[in-house]
Structure formats: C-alpha cells, structure tokens
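Chain letters run A, B, ... following the sequence lines, proteins first and then strands; every chain starts at 1. Quick caveat, the model's predicted, so the values are computed rather than measured.
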2 protein chains.
Amino acid sequence: MTPPRDALSHDRVLQAALALADAHGLDALSMRRLGAELGVEAMSLYRHVPNKEALLDAMVDAIVRSWIDAGDAASTDWRDRLGAIMHRAHATMLARPWSVELITVRPRVGEGRLRYAEAVTTALLEAGFTPQLAHHGLHIVDGTIMGFTAQQARRPTAVALGDRVQALADGSLAHEYPGISRTIREHHDHDEEYALMVDLVIEGLARLRDGEAPRRTGLGANYALAIS
Amino acid sequence: MTPPRDALSHDRVLQAALALADAHGLDALSMRRLGAELGVEAMSLYRHVPNKEALLDAMVDAIVRSWIDAGDAASTDWRDRLGAIMHRAHATMLARPWSVELITVRPRVGEGRLRYAEAVTTALLEAGFTPQLAHHGLHIVDGTIMGFTAQQARRPTAVALGDRVQALADGSLAHEYPGISRTIREHHDHDEEYALMVDLVIEGLARLRDGEAPRRTGLGANYALAIS
DNA sequence: GGTCGATAGCTTACGACGTAAGCATACAGC
DNA sequence: GCTGTATGCTTACGTCGTAAGCTATCGACC
C-alpha cells in the first residue's frame, strides 16, 4: 500500500510532539491535542506509539542525541571535546526549555543517551583517566550539565512569579537577607557563568586524574550520617 | 471555637501530603487521595490550601528549609560550611527521592529557599568572594546539588527499566560502546562520588576567588553560537 | 436563651486527561 | 473478486483538579 502523502508514522508523531511542545509547552502536549494537530483522533496515535510515556522517552532521546557531534572525536584535546559537548548540551536544552524538565525526570536509556555517555567516557579514557575515574567523570559531567541548565532554565519563571525576588531587588528585605540583597543586583551573564562552571569542572577533573589530592572538606559520609 | 482534636489545618494537610508522597510516591498524591488519607473529602482541603500547586510549593519549601542548619554559621571555614550544606541537601533529597523531581520543576522562591541561598551567599562573601563571584558561586553550588542528586536519584530506575543497561553490563554491546562497557563494571560508591564532586567544586571556587585563571577550553559562547 | 455570622466540611458537577475495546475502511496479494 | 491486514475512528471508563453551592456547627452578642 502506498501511504497517502499525509499518512501518520512514528516519526511524524514524534516531530509533531516536539513542535507542539516548542510552540505551547509541555503541559499542552496531550494525546488529544497532538492528534488534533495532526488532523487525526487521539486514539489513532496509538497505532504508532505504544503510549504517551514511550513518546516522551522518544522525545528525550531525540534531544540528547543532538548533544554530540561526529566532529567531536576529531579534536585531540579532551578538554575541548568535553567542553564542546557540555556547551552544546546546554545550548540545545535552553533552546527548548521544556526539555530540561523532561530529561531530568525520564531516565530511560535510549540510543542518544548511550552515544552521549560513550562520547564523554571515551574522551576521558583516552585522556588517561582510569575506568573508575572516567565513570565518576561521566556522572560529574552529567550532573553539571543538567543541574546548571535546569536552574538557569527556570530562573525567568522564578523572577516572574516570585514576589519576593522583587522585594530583594529593591532592598526591602535587605535586613533579613543581607547576603542575597548584596549580590542580586549585580549584572550577570548566565552563559558566561556556565562557561565558568564548565571550565571549573574540567579543570577539577584534570586535577583528579593527575592525582592531586583535593583539599578535603571532610568526608561526605560524615555529613550524611550526621543528619540521617 | 475549640477545634476538635482532628481538625484540619494548613500544617496537617502539608504533613499528610509529605507522608503520602513518602509512602506511595508523587504520582499517588492526588487531592482525592490526600483527603481520604485525612478522613475527609477532597474539596475540604481547599479550605486550607488555595490549590494543589501551592501545596506542592509548600512541600518543596519545607524540604529546602532542612538543607541549612543554624550550626553552619558557627564554623569559620567556608569550605566546611559549604560542604555541610551540600551534603545535607544531598542526603535529605535522597531520603525522599520524589522530592528531587519536585524541587527541580518548581522554582518558587519561598522562605526555605531564601534562607538556603542566604547561607551559601554569606559563606562566600565572608570568605572574600566578590559579590559578582558569590552570585556565580551560589548558582554553581545550586546546580551541583540538584544536578548530581537528580542523576543519582533516578539511577536505580534507569537500571531497572533499561534493558540496554543489562546488555552493557554483560558485554554484548561492547563493540558499539567500548568506553561505557569498560567503565560500567567498576564498583562505584555514589556517596563517595558526590563527595568527590563537592570537593572539586569547592576547590574550583577557591581558585576562582584567588584569581587563578582557569585553563580555558575556549569561550563558551563560541560553542553556543556554533550550533544555534 | 435565642439569634446571627462565620467557619469547616460535604455534595454535585464540569471539562480535561490517558487509554481499553471494538468497529469501519481501504488497500495488497492472490 | 476475495480475503487478510493495516489504519484510523467511535465509544466508553475511570481518573484528575476544582468551581459553585449547600449544610451543620459553634462562639459571640442582645
């Protein structure tokens, strides 16, 4: 059967879902609305997607896949390779703010995430990290990307919604929160801030590899035990 | 009117919501079920809580509030103060895995979050950081806590759900993903890994304060522009 | 002590949501 | 032309958050 020009397919559904989230946010992405966007009833989508969860997973993987680039491996400097990945991940997520939430919450390991993890891991291994340390490094890089980006992505909302943020900015809470009041008025370039952290992390990883014992603040377990 | 022993109140609703999430996860927290748990109809809750969103925000703030401790300020060493906060935050979130998702997604600035931000900021300011750098430091610390913890919290799920993770562990995907296959079999202590990152970040902040120019991997903006 | 206003909880109802089950259509291969 | 299979539609169920209005209880005051 030659499908008509506008036949559905897994990919068409996926693309429409991405477009809908881009246009109206993640909350607007319901199966009914997605169907409508495709000129089709909601239930028809289930011919091409097992359920909504799987669709969300596919969306996540499509995005994570774009974090890496075939050209990365060409660079010989592992710092550049890692930096490129981290900045690309940051930029692509900020371009679709809804994706941050989605990626944070859905841990399914798909093709894209595997390729990304592989790229980071091999960069570290080739740079002389032990397998143990490379594994830690992957988690540290991952945490850095997600944590910083998540925080940055939700900052505009925080400003828009937080009545208190205004009070802080105009100084009326200066007595209660002197520290924040003093720092909040600075001008901040968030992209530059991220670059700062990326370099901080990469430099820290290099020092770990080189066996320079970090000045320990005390074993983490102590704190964990102290409060549990 | 003396309320009967079991009268509702904002606090009782909040505590019940926390308990329900602890016991059955965030998905189980519906207004109907929460009401049932309190022996009350769903709509009765709305006398004490404006809507579900506000309840979730209150839950978040109750948790974030526990990240700091009055004793922190007593310590003179800023590394210890920061380390204590970061480890406490990590531990309290892991103790309630559902909170990670909630905190990541809801950026409302409440009392607890302000106090936490203030504690981190003043620790940095008192350690000689410029206001500008202290502000960056807060975001870096925040990103580190959330990113790493989020990733760790969802890792068990990733293992449970990812059919591929098994394939990686037993080596059948070694050809496609040699790097991950090599590192995934290492034994990992995740708390120790977090301690590693905390020290890495604190040490990196110290170097920023001391004006040691990090070895730049190239300006972040370059990457961002290259792909957008 | 009778009345009154406020408070707390209940009832009903609406419009979303994800999706199970079964039906209708339309094509490909014979 | 017949038949099997793939595709999309229809209907329906149980869930959700919450708007609107009702009822019952109780302290405060005349």
**Report entry** Under 3.5 Å donor-acceptor, A:Asp61 side chain and A:Arg113 backbone
**Finding:**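 Answer holds: yes.
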Query raised in the report: From the list C:dG18, C:dA13, C:dA8, which nucleotide is the closest neighbour of the side chain of B:Arg32?
Result: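 From the listed options, C:dA13 comes nearest.
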Query raised in the report: For the side chain of B:Met43, counting heavy atoms from C-beta on, which of C:dC10, C:dG18, C:dC23 is nearest?
Result: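 When the side chain of B:Met43 is considered, C:dC10 is the closest of C:dC10, C:dG18, C:dC23.
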Rounded distance in Å - [atom1] ([X]) to [atom2] ([N]):
X: B:His48; N: D:dT18; atom1: NE2; atom2: C1'; result: 16 Å
X: A:His10; N: D:dA6; atom1: NE2; atom2: C1'; result: 18 Å
X: B:Asn51; N: D:dG17; atom1: CG; atom2: P; result: 11 Å
X: B:Met31; N: C:dC10; atom1: CE; atom2: P; result: 13 Å
X: B:Glu41; N: D:dG21; atom1: CD; atom2: C1'; result: 16 Å
X: A:Leu55; N: C:dT19; atom1: CG; atom2: P; result: 10 Å
X: B:Leu45; N: C:dC10; atom1: CG; atom2: P; result: 9 Å
X: A:Lys52; N: C:dA16; atom1: NZ; atom2: P; result: 15 Å

Requested in this report: On the 0 to 90° scale, with breaks at 30° and 60°, tag the B:His90-B:Tyr194 ring pair as parallel, tilted or perpendicular.
Outcome: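 Correct class here is parallel.
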Query raised in the report: Just checking, any donor-acceptor pair under 3.5 angstrom between side chains of A:Asp27 and A:Trp98?
Result: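 Side-chain D/A pair, A:Asp27 to A:Trp98: absent.
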Report task. Could you verify whether a donor N or O on one side chain and an acceptor N or O on the other, from A:Arg12 and A:His48, lie under 3.5 Å apart? Result ->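 Absent: no donor and acceptor within the cut-off.
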Report task. Identify, between A:Arg33 and A:Pro50, the residue whose nearest nucleotide on DNA chain C lies closer to the 5' end. Result ->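 On the 5' side of the pair lies A:Arg33.
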Query raised in the report: Does a nitrogen or oxygen in the side chain of A:Ser44 sit under 4.0 Å from OP1 or OP2 of D:dC9?
Result: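 Yes, because at least one side-chain N or O of A:Ser44 sits under 4.0 Å from OP1 or OP2 of D:dC9.
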Requested in this report: Could you pick out which residue, A:Ala42 or B:Ala28, lies toward the 5' side of DNA chain D when each is mapped onto its nearest nucleotide?
Outcome: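 Taking each residue's closest nucleotide, the earlier one in sequence belongs to A:Ala42.
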